[in-house]
Amino acid sequence: MATRMKLKTPGDYLLRRDVCSYGYFLLAPNHWDPRSGVFSRVCTLGDGPALVEVAQEKAGGELAVKVGRALLKEEKKELTVQLTRMLRLDEDASTLREFHASDPRFAGIGRGRLFRSPTLFEDVIKTVTSCNVTWPNTVNMNRRICEVLGDAVEVKGGKRHGFPSATKLARTRPATLRARCRVGYRDARIVELAKLFTLPKSRGGIDVGWMEDPATPDEPLYEALIDLPGIGPYAAANILQLLGRYHRLPCDTESVRHGKAVLGMTGSSAQIMKKIHEHFAPMGRHAFRSYWFELWEFYEKKHGPSWTWERDSTGKMFTAAELNKK
DNA sequence: GGTAGACCTGGACGC
DNA sequence: GCGTCCAGGTCTACC
């Protein structure tokens, strides 16, 4: 028996805009259907995996959540926590207003929330799978990780898989990850990260509560992230933004392309990255959102609104060759 | 502290 | 269709 729930949203919430706001909405197990405007994925809950579908009838209205099976009371709470994190339903309205005041370009369309994963663990692994690869490869890695290791639920016409838990990935052999999920040299790093997420803090494990706590100072958090296996300056800055801290820019080759093509910057890659940091520095704690939505606007000019993008055809949209086309 | 090279996969390109 | 080159961020060794 299916479960139906309603989720309250902030008054300005727009599902299609706020889901299709960061590339992770295109990565398995997430799925956005451009035709129906329904977001779905398999969520891992206390009693096992469940297919979850989220729709919104009108802008600013509540979210209608349909779950493929009956949920225990505790699972309903668990799912609410996961959806709230993923969809940024608890985004502080005052900081959103502050962002729009400092960068009015995005006030009119209300952009400000950035889609993320239901757990920090999934965000960290997704970040690792996006390093040193082209976007189509990141898409494939996430699809394979879910298909090979994620819990599955039966749906009409096949199966849908969730994202594997830290416990499951911690028990996976690196060779399996490499051979079946095609993660390459990231294999051991992913398993090591998963182990750190399963260990208690007293034994050197990751203190997720401390990392998620808005009261935790930025710099010690950045230092803790950069100490993790497979996490360098780019990945640490990206995880910071996924944790809601937007002061630091995760600069990569895509930033350099943007600096050259859109901002008219010249010089070596290192010089352009420095210029990009300087360019967005006046935005202070909103720097990343200002940078990101400018980049996102460039993608949308090329390919139409992000909520019309099909997951299975976006791979080629974000290759260097395609993005460098005039 | 700064730099060079290895890591691995898949897209692009030439034949 | 096949082979080769190259892009991509992190890590380690070395200066």
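Note that the structure is predicted; figures quoted are calculated from it, not measured. Residue numbers begin at 1 in each chain, while the letters A, B, ... track the order of the sequences.
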Exceeds 12 heavy-atom contacts within 6.0 angstrom, atom CZ of A/R105: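 Yes, enclosed.
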A/K274 NZ: over 12 foreign heavy atoms closer than 6.0 Å: no
Closer than 4.0 angstrom, basic N to acidic O: yes or no for [X] and [Y]?
X: A/R248; Y: A/E219; result: yes
X: A/E154; Y: A/R69; result: no
X: A/D123; Y: A/R116; result: no
X: A/D103; Y: A/R111; result: no
X: A/E278; Y: A/K275; result: no
X: A/R85; Y: A/E122; result: no

B/dG10 OP1/OP2 closer than 4.0 Å to side-chain N/O of A/R182: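 Checking A/R182 against B/dG10: at least one side-chain N or O falls below 4.0 Å of OP1 or OP2.
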In whole Å, I'd like the distance from the [atom1] atom of [X] to the [atom2] atom of [N].
X: A/N137; N: B/dC7; atom1: CG; atom2: P; answer: 18 Å
X: A/R143; N: B/dT9; atom1: CZ; atom2: P; answer: 15 Å
X: A/K274; N: B/dG2; atom1: NZ; atom2: P; answer: 13 Å
X: A/N142; N: B/dG10; atom1: CG; atom2: C1'; answer: 16 Å
X: A/W135; N: B/dA12; atom1: CH2; atom2: P; answer: 16 Å
X: A/D187; N: B/dT9; atom1: CG; atom2: C1'; answer: 13 Å
X: A/I145; N: B/dT9; atom1: CD1; atom2: C1'; answer: 14 Å

Those residues that, when tested against A/T308, pass side-chain contact (heavy atoms from CB on, under 4.5 Å) (two or more places apart):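 Per chain and number, A/T308 pairs via side-chain contact (heavy atoms from CB on, under 4.5 Å) with A/P305.
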5′-ward residue of the pair A/G184/A/N140 relative to DNA chain B: A/G184
Helix axis bend for the helix from B/dG1-C/dC15 to B/dC15-C/dG1 - C1'-based end axes, five pairs, 10° rounding: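 Comparing the axis at each end, I get an angle of 40°.
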Base-contact (B) and sugar-phosphate-only (S) positions in nucleotides 9-15 of chain C, heavy-atom cut-off under 4.0 Å, - elsewhere: BSS----
